[in-house]
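Just so you know, these numbers use all the heavy atoms, side chains as well, and skip hydrogens, waters and symmetry mates. This is a predicted model, so every value here is computed, not measured. The chains referred to below are lettered A, B, ... by the order of the sequence lines, with proteins before strands, and numbering in each begins at 1.
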Amino acid sequence: MAHTTRVLRSEWTKVRSVRSTLWTLLIAAVVTVGLSALICAFTASDFDSMAESEKAVFDATYVSFAGMSLGQLAMIAFGVLVVSNEYSTGMIRSSLSAVPQRGTFMFCKIFVATALVLVVGMATSFTTFFVGQQLLGDHGTTIGEPNVLRAVIGGGLYMTLIALFTMGVAFVLRSPMLAFGTLMPFFFIISGILGGVSATKKFAHYLPDQAGTMIMTVETGGGGEFGVGDRPYGPWGGLFIMALWVVASLVAGYLVLKKRDA
Amino acid sequence: MIELEGLTKRYGEKTAVDRLTFSVRPGVVTGFLGPNGAGKSTTMRMMLGLDSPTSGHVRIDGKRYDQLQEPLNHIGALLEAKSVHGGRTAYNHLLCLAQSNGIPDRRVDAVLDMVGLASVAKKRPKGFSLGMGQRLGIAAALLGDPRIVMFDEPVNGLDPEGIHWVRNLMQQLAAEGRTVFVSSHLMSEMSVTAEHLVVIGQGRLMADTSMADFIAENSRTYVRVRTPEPERLRDALHATGVNAVAADDGSLEVDGQPAARIGDVAAQHRVVLHELSPQNASLEEAFMRLTAESVEYHAHTAAQGQPPGPAPGQSQPPGGDRPTQQWGTGWKEGR
């Protein structure tokens, strides 16, 4: 236990002492809140011209998370960098010479990074919700309404899980270029395309990001532009599917770290 | 104390390290010598548990590396110069390593001071010169005040002052009773620092001996004689029981005899001499000879294959018209 505590302290020193940590997390928060605010402002001004059917399923909570689709990319960047920088810089040799218990090393690195992401993710989620509702004005909702608090906390959990998933993948791929080249197009383009085409839609529903976003919806029939109304699972079911992806990526990452030469 | 037993590493078909068995003892500097690509770095990475051996094992003070809870307090290593995140300050780099092994923070300042990097403690190693990077690596190796230190090519990229510093440091560490294990591909470097030698070639153990024995066994002294009448001189020497061997360039080489004696014989027989010079084969040459068959990447011209320094390359004909002539084979055949 004392050993784990020491390694945790060490990993905390590592994560706080590089600039990329501050930048990626700051960008994740600013982009999410900024873009969501913009979308909320536009939605509020155009609300009267929306069709009645759209108004009926309008999800004020979910709209205030709209910027997260872009903001999560910075979260992914954080997850990639915190792991793969060890490999690209050669630091991994120093790290594993100091902590040859690779399971402990991985656990502590991920624990520290996840704790940080959870704090930033929750702060971002609550901020973007309150800013968004302010801008939506009369069309907005409040944190006291049913399921809204669950969705807002879910926003923070979503950001945390996406970063965790990324860290597992980065332990498998090691190279930052490879990890970015795989994850960025996947979450930014491919997942969206698969989810938009009717033939692949019902499979795309099980991708980590698409399943996970369900936790941020309140009106189960709605979801606006993201169209999450026709899912075979609920908000928690979606988060659970995402958590399964996370577990799979972390197990794969652990096996690679354990088996392969550093 | 580091003990290797049957240590082997294969990458597919290729065997990088082949059944290495030796131990590194405390109190002396042990040189780990081998040509480039001989498997030195792979061996050192396996010692640190970074690479896992195909078979065999390494014990550090009797334990497997990953059984050490605080490895930096047992063994400190300088591997490749840049095992450092370029964006993390020198101080923080050492701090995170220290924290993981329960080493107090003040030790970080102490080692930075020791290696002469105190003034750049708050700087990012991204901007460090090769020499500063080596010093930071050495600082990391010394963090836990370990009983065993291991340096992979420590003088690479250092200026003469830095080289001098590293040599003194290694000797001082050994004098304090520590185990010091240093790799190099340069015999000349080892000959001034190491007391004990482990030589490998193509992953195999070629020698495990004290430096003094290595010198005694491998340094050859001979006398080179040039004369317009080599046959006559050879016969004359032969008559007195001295064996002269014709070298490729027409000179004669005589082993184990003082130059004066050869001069006397020549004078008695009235043979004209153009050169009579005692020669010392360098240690570099002995090392090259030992590993000649195992060098992985041969140079394809004789000229490139020659080592620096006053060595027998001079006795080869100029122009390098014996393209794949291996180092030292000339006078090995001559013997």
task: Please determine which of B:Lys40, B:Met44, B:Met46 meets the side chain to side chain contact (heavy atoms under 4.5 Å, CB included) test together with B:Thr42.
output: B:Met46

Give me the atom names and distance for the closest heavy-atom approach of [X] to [Y].
X        : Y       : result
B:Ile148 : B:Met1  : CD1-N, 3.5 Å
B:Val17  : B:Gly39 : CG2-O, 3.8 Å
A:Phe180 : A:Ala77 : CE2-CA, 3.5 Å

Check whether [X] reaches the backbone of [Y] with its side chain - one donor and one acceptor, N or O, closer than 3.5 Å.
X        : Y        : answer
A:Asp209 : A:Ile162 : no
A:Arg93  : B:Leu50  : no
A:Ser249 : A:Phe165 : yes
A:Thr128 : A:Ser64  : yes

statement: Okay, B:Leu143 and chain A: the region with an atom under 4.5 Å from a heavy atom over there is neither

Crowding at CD, B:Gln67 (>12 non-hydrogen neighbours, <6.0 Å): yes

- prompt: Any chance CZ of A:Phe126 has more than 12 other-residue heavy atoms, nucleotides or ligands included, within less than 6.0 Å?
  reply: yes

task: Please name all residues satisfying side chain to side chain donor-acceptor pair (under 3.5 Å) with B:Asp145, sequence neighbours left out, ordered by chain then number.
output: B:Arg178

Proximal to chain B - members of residues 3-11 of chain A, heavy-atom separation under 4.5 Å: A:His3, A:Arg6, A:Val7, A:Arg9, A:Ser10

query: Which residues in residues 17-28 of chain A have a heavy atom less than 4.5 Å from any heavy atom of chain B?
result: A:Ser17, A:Val18, A:Arg19

field: Mutual orientation of the aromatic rings belonging to B:Phe22 and B:Phe181 [parallel < 30°, tilted 30-60°, perpendicular > 60°]
entry: tilted

query: Out of B:Leu72, B:Asn73, B:Ile75, which one racks up the most heavy-atom pairs below 4.5 Å with chain A?
result: B:Leu72

task: Specify which of B:Ala77, B:Gly87, B:Pro71 makes the most heavy-atom pairs with chain A at under 4.5 Å.
output: B:Pro71

statement: Checked A:Ser95, A:Ser97, A:Ala262, A:Cys108 vs chain B; the most non-hydrogen pairs under 4.5 Å come from A:Ser97

task: Measure the shortest side-chain to side-chain distance between B:Leu136 and B:Leu94 over non-hydrogen atoms and say whether it is less than 4.5 angstrom.
output: yes

message: Quiz question: by atom type and distance under 3.5 Å, do the side chains of B:Gln99 and A:Thr13 form a donor-acceptor pair?
response: yes

query: Does the pair A:Met106 and A:Lys258 meet the rule for a side-chain contact (heavy atoms from CB on, under 4.5 Å), with working shown?
result: CA-CA 10 Å; A:Met106 184 180 175; A:Lys258 194 84 184 162; over 6 Å; no

- line: Expected contact set for residues 122-129 of chain B against chain A at heavy-atom separation under 4.5 Å reads B:Arg124

